[in-house]
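Just below is one structure, and these are the notes that go with it.
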Amino acid sequence: MKLLLMDGHSILNRAYYGLPDLTNSAGEHTGAIFGFLNMMFKFIEDEQPDNFAVAFDVHAPTFRHKMYDAYKGTRKPMDPELREQVPRIQEILKAMGVPVITMEGWEADDILGTLSRIGQEKGMDVTIVSGDRDLLQLATDKIKISIPKTKKTGTEIENYFAKDFEQAYGVTPKQYIDVKALMGDSSDNIPGVAGIGEKTAFKWIAQYGSIEECHAHVSEMKKAKVVDNFIEQWDTAVLSKELATINLNAPIELEEGSTKLGNLFTEEAYLLCKRYELKKLLPRFENTDTASVTDNTADSFKRVNDFSEVETFFEDIKKTGKAFIGASIMAGDDKVIRGAALSDGESTVYVECQGFISADYLCHKLMEICKAGVRLCFWDLKNVMHLITNILSDDEKKAVMEKGGKSQIFPNAVDVSVAAYLLNPTKKEYTADDVANEMLGIIIPAAADLFGKKKLKDALLDDSLLEAVTTYACYEAYVAYGAFEKVMAEIEAAGMGHIFTDIEMPLLYTLFDMEIQGIAMDKEALAQFSQKLSTRIEELEKDIYAQAGEEFNINSPKQLGVILFEKMGIEGGKKTKTGYSTAADVLEELAPANPIIGSILEYRQLAKLKSTYADGLQPCVGEDGRVHSTFMQTVTATGRISSIEPNLQNIPIRMELGKEIRRVFYPKDGCVFLDADYSQIELRVLAHMSGDDNLIGAFKAGQDIHRSTASLVFNTPFDQVTDLQRRSAKAVNFGIVYGISAFGLAKDIGVGRKEAQEYIDNYLKAYPKMHTFLEGLKSSAKEKGYAVTLYGRRRPVPELNSSNFMNRQFGERVAMNSPIQGTAADIIKIAMVKVHDRLLAEGLKSKLLLQVHDELLVETYIDEQEKVESVIREEMENAAELSVKLEIDMNEGSNWLEAH
DNA sequence: TCAATTTC
DNA sequence: GAAATTGA
């Protein structure tokens, strides 16, 4: 029989410091948990124990503290990142059926000592795993102490039976206690005897066997200061010995057989590992039946594929006057709708598209009940609306294009993923299984559990997975129904009801309409531009190869670094983790002295232009000659929207050559582009939120804000500000908006860090209320755990409690930046909704097409231009009532470049 | 996954 | 500070 014991805190501690920090998408730290479990699995495999237990300390004074106040007094408090992992690993261990043994008033050491003694008495072989050498005193010929050491080459394990210990240390394990009594232990704050260190302690104990024997023989010892100390501090030595002695008789009560090692890979443990996103551990659960779920609502899920049954189902909904229904539509990448699940909380059904139940029929039924007043709740409503639009007739589609998706498809729907995003915008995704777990406290299968390696789109095409698809869809509908109210309650409690109802949901419809419209793009012109770029790129390539003396891949930073800094021996190369940095700002410094650098920088610029824009945009043009980007509403931490496939929010504008790309975006016949962008919206938000009179005054006076800043910061009359001063002031303004660090600012404007700090200090002096405002943002975020915008939108900032200085500094910048960026985002969202809604309300045919953070682009019918201009101006300028005016710059043009 | 580049 | 895309 074999007993394996683990020292919980010690191993968790080793894992925490020995492994890189891991965080799951909810921002929970998991690195130590992962390391601990791996270590545990390794020992279980190696040792093949029949019994297994883990001991943890509890945070309470032990009998040792009662003996000696200062016991462990020098211990630093545990990092918060590690502390939060303690209950989690215990939770997982319990889920695995592993006894987690803790005892108030006793240390894990005593528990381990006692258990090992009992184990030995029962005739078992015992292995104790710990990173702590204190436990070595427990070694006997039956009790082995294993100390894992993480080295670069992997984990090495030192094993000590009593005889190994004696060989290594020259004393017995029991005598090691006496050694410690003499030399003390700084980590536990055991005093020991002054002047006696490791050497003397071992020597004495090896010779006399114990402190008592030493004490009895002091007269024989050579006269020395340490001997006097020893005699003087005999009481301390005795106390130290007591402190250092692990108690083998802790009053542990264990049920018979409770340490028996069973199947660790339980369903419960699997779900926890999944929850903490310990993906590498999941394969270990291979043989666990993880498809079955602890939640049994799935039993009541029903699939219907009989036409009349579906008919009566929808009739019932109408008759019973259901006000709210959770819904989910199943479709793959082909956008073909395979079915829809609906849930009213009591019954949940999956309607399969098949036979007379066509997608067309099903979608129209859904639209019908929604228009009749039933509120539908979806995951990713915007996408659902696209799926539905896809199966509509041409006339219906036209109506959607002209009158908007809200009135034509779902006038009364909500999106639970957007709601969940508002509650915590820092997560990666907002899936039903995640929200179910968080809001309803139930564990439901995720796509991966139901479909295995297949994705939903493949599963939809695989008849054998119909059951799984049914379960999946039903859960989505069921959770949409069940979680929405709870999410909303939390949103209301957090004071974000207004944001959800009056900003995000209307915005969703606005974004849908923008996506439906798309923007016309000249594919031919792009192809020509690409050709033009190719010619110049080839020239540059040749030039670079000639200067380098060989051909290589210029796009590979690794190869480029080697060529520049090794082969060509260019001085001043900076290192990154993986090699030399070849970033533009690094190379630019080296450009004057090295002609090849100029060519490389130009090559880079053109290569980016060609690959991302000239070539990258071409396949995005649809059959209608327009590009339909997707605006993501649940991605950014601050509340901004983002744009993908393609990203139309980073189309070049600064570089002369790059901005030519904007020419290929053009208005349709009879239209011009009206492009309006907020002037300095973030600084205006800052002026308002800080209430700083100087900044507000500068805006009210209509001054060039960077010049005004320069004038204050450099103490120069306004009209004598030099260009350089203005440029520096502009960088400082940017820095403030972005949550300044002297380091970042220094890098930005090419001055020393000290000088940059002076700029910041001057800035804070120039705007007296700014300092208190920014400090207030930091302390408020730290206290509350989140940063908050003017409208109450929240963004968690757990980094503020990090033990790592860099992380904490990052958190501070986030705390300063998020409210500003987020408030600006709120304002333009409000403006978008208002512009969009008013264009429709006033019966104008002109359409909002794009948003680029502080800019709106409207495809404007020429005969509506005047009206549209005033709509844009009014709605954008009045989107928020700040202590400074919101001003916009508006231009018209026959392409995006001209209009900007 | 990382480094680099583009935008606001 | 916030993003998305590309290529290795």
Side-chain angles (χ1 to χ4, degrees), chain A residues 20 425-426 552-562 574-588 600-617 619-620 629-655 657-659 661-662 677-683 685-686 731 733-741 743-745 748 774 777 781 787 789 793 795 797 799 809-825 828 850-856 896 900:
Chain A
T426 56
F552 64 99
N553 190 340
I554 310 169
N555 286 321
S556 160
K558 199 176 157 203
Q559 290 182 39
L560 182 63
V562 171
K574 285 184 192 156
K575 287 276 191 172
T576 62
K577 275 174 246 162
T578 44
Y580 297 99
S581 168
T582 67
D585 55 343
V586 176
L587 294 188
E588 260 157 27
I600 287 167
L601 288 171
E602 192 187 347
Y603 173 93
R604 278 254 182 89
Q605 202 197 336
L606 300 193
K608 174 76 179 178
L609 224 45
K610 181 169 153 62
S611 66
T612 306
Y613 302 107
D615 295 342
L617 285 174
C620 298
S629 176
T630 302
F631 292 102
M632 304 294 283
Q633 201 180 352
T634 58
V635 169
T636 73
T638 52
R640 276 186 175 180
I641 56 173
S642 75
S643 153
I644 57 166
E645 291 175 354
N647 179 358
L648 294 180
Q649 292 182 319
N650 70 347
I651 304 299
I653 186 67
R654 292 177 190 169
M655 299 300 205
L657 189 61
K659 65 163 94 158
I661 292 285
R662 295 204 170 208
D677 68 305
Y678 278 115
S679 157
Q680 308 289 3
I681 187 166
E682 284 174 335
L683 282 174
V685 164
L686 182 62
N733 276 334
F734 264 86
I736 295 287
V737 165
Y738 290 164
I740 198 78
S741 80
F743 180 78
L745 180 65
D748 246 36
L774 293 174
L777 287 185
T789 72
R793 183 191 300 275
R795 183 243 165 104
V797 196
E799 294 89 349
Q809 278 215 310
F810 174 78
E812 291 190 352
R813 290 199 291 276
V814 164
M816 294 188 284
N817 166 261
S818 299
I820 301 170
Q821 192 183 113
T823 302
I828 196 156
L850 299 180
Q851 184 251 48
V852 190
H853 307 310
D854 66 350
E855 169 192 359
L856 297 183
W896 195 7
H900 190 75

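Because only heavy atoms are used, hydrogens play no part in the values below, and waters and symmetry mates are left out as well, while side chains stay in. All values reported here derive from a predicted model rather than from experimental measurement. Lettering follows sequence order; numbering is per chain, from 1.
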Rounded to the Å, how far apart are [X] [atom1] and [N] [atom2]?
{"X": "A:I681", "N": "B:dT7", "atom1": "CD1", "atom2": "C1'", "answer": "16 Å"}
{"X": "A:D854", "N": "C:dG1", "atom1": "CG", "atom2": "C1'", "answer": "15 Å"}
{"X": "A:Q851", "N": "B:dC8", "atom1": "CD", "atom2": "C1'", "answer": "10 Å"}
{"X": "A:I600", "N": "B:dT5", "atom1": "CD1", "atom2": "C1'", "answer": "16 Å"}
{"X": "A:L777", "N": "C:dG1", "atom1": "CG", "atom2": "P", "answer": "15 Å"}
{"X": "A:F631", "N": "B:dC8", "atom1": "CZ", "atom2": "C1'", "answer": "14 Å"}
{"X": "A:Y580", "N": "B:dC2", "atom1": "OH", "atom2": "C1'", "answer": "18 Å"}
{"X": "A:R604", "N": "B:dA3", "atom1": "CZ", "atom2": "P", "answer": "13 Å"}

Which part of the nucleic acid does [X] contact within heavy-atom distance under 4.0 Å: base, sugar-phosphate only, or nothing?
{"X": "A:Q605", "answer": "sugar-phosphate"}
{"X": "A:R654", "answer": "base"}
{"X": "A:Y613", "answer": "sugar-phosphate"}
{"X": "A:R813", "answer": "sugar-phosphate"}
{"X": "A:I651", "answer": "sugar-phosphate"}
{"X": "A:I653", "answer": "sugar-phosphate"}
{"X": "A:F810", "answer": "sugar-phosphate"}

### Message
I need the A:Q680 CD to A:D677 CG distance, nearest 0.5 Å.
### Response
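Answer rounded to 0.5 Å: 10.0 Å.
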### Query
Measuring from A:K610:NZ to A:D615:CG, what's the distance to the nearest 0.5 Å?
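A:K610 atom NZ to A:D615 atom CG measures 4.0 Å (nearest 0.5 Å).
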Is the backbone of [Y] close enough, under 3.5 Å, to the side chain of [X] for a donor and an acceptor to pair up by distance?
{"X": "A:T789", "Y": "A:G822", "answer": "no"}
{"X": "A:Q633", "Y": "A:I641", "answer": "no"}
{"X": "A:R640", "Y": "A:H853", "answer": "no"}
{"X": "A:S629", "Y": "A:N647", "answer": "no"}

### Task
May I ask you to list the residues of residues 816-825 of chain A, by number, that have any heavy atom positioned under 4.0 Å from an atom of DNA chain C?
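Listed by number, they are A:N817, A:Q821.
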### Minimum-distance nucleotide to A:A584 side chain [options: C:dG1, B:dC2, B:dT5]
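Output: B:dT5.
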### Query
Can you name the closest pair of heavy atoms from A:I820 and A:V685 and give their distance?
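Nearest pair, atom of A:I820 first, then A:V685: O-CG1, 4.0 Å.
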### Message
Treating primed atoms plus P, OP1 and OP2 as sugar-phosphate and everything else as base, which nucleotides of nucleotides 3-8 of chain C get B, S or - for protein heavy atoms under 4.0 Å?
### Response
SBBSSS
#### Entry: Verdict with reasoning, A:V852 to A:W896, per side-chain contact (heavy atoms from CB on, under 4.5 Å)
CA-CA 12 Å; A:V852 190; A:W896 195 7; 3.9 Å; yes
### Message
Under a 3.5 Å threshold, yes or no: a donor from one side chain and an acceptor from the other, between A:E799 and A:Q809?
### Response
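Note: A:E799 and A:Q809 side chains miss the donor-acceptor criterion.
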### Query
Has A:K574 got its NZ or CZ under 6.0 Å from the middle of the six-membered ring of A:Y580, at an angle within 45 degrees of the ring axis?
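Because its charged atom misses either the 6.0 Å distance or the 45° angle limit, A:K574 does not stack over A:Y580.
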### Phosphate contact (C:dA2 OP1 or OP2) by A:R795 side-chain N/O below 4.0 Å
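It does, given that an N or O in the side chain of A:R795 lies less than 4.0 Å from OP1 or OP2 of C:dA2.
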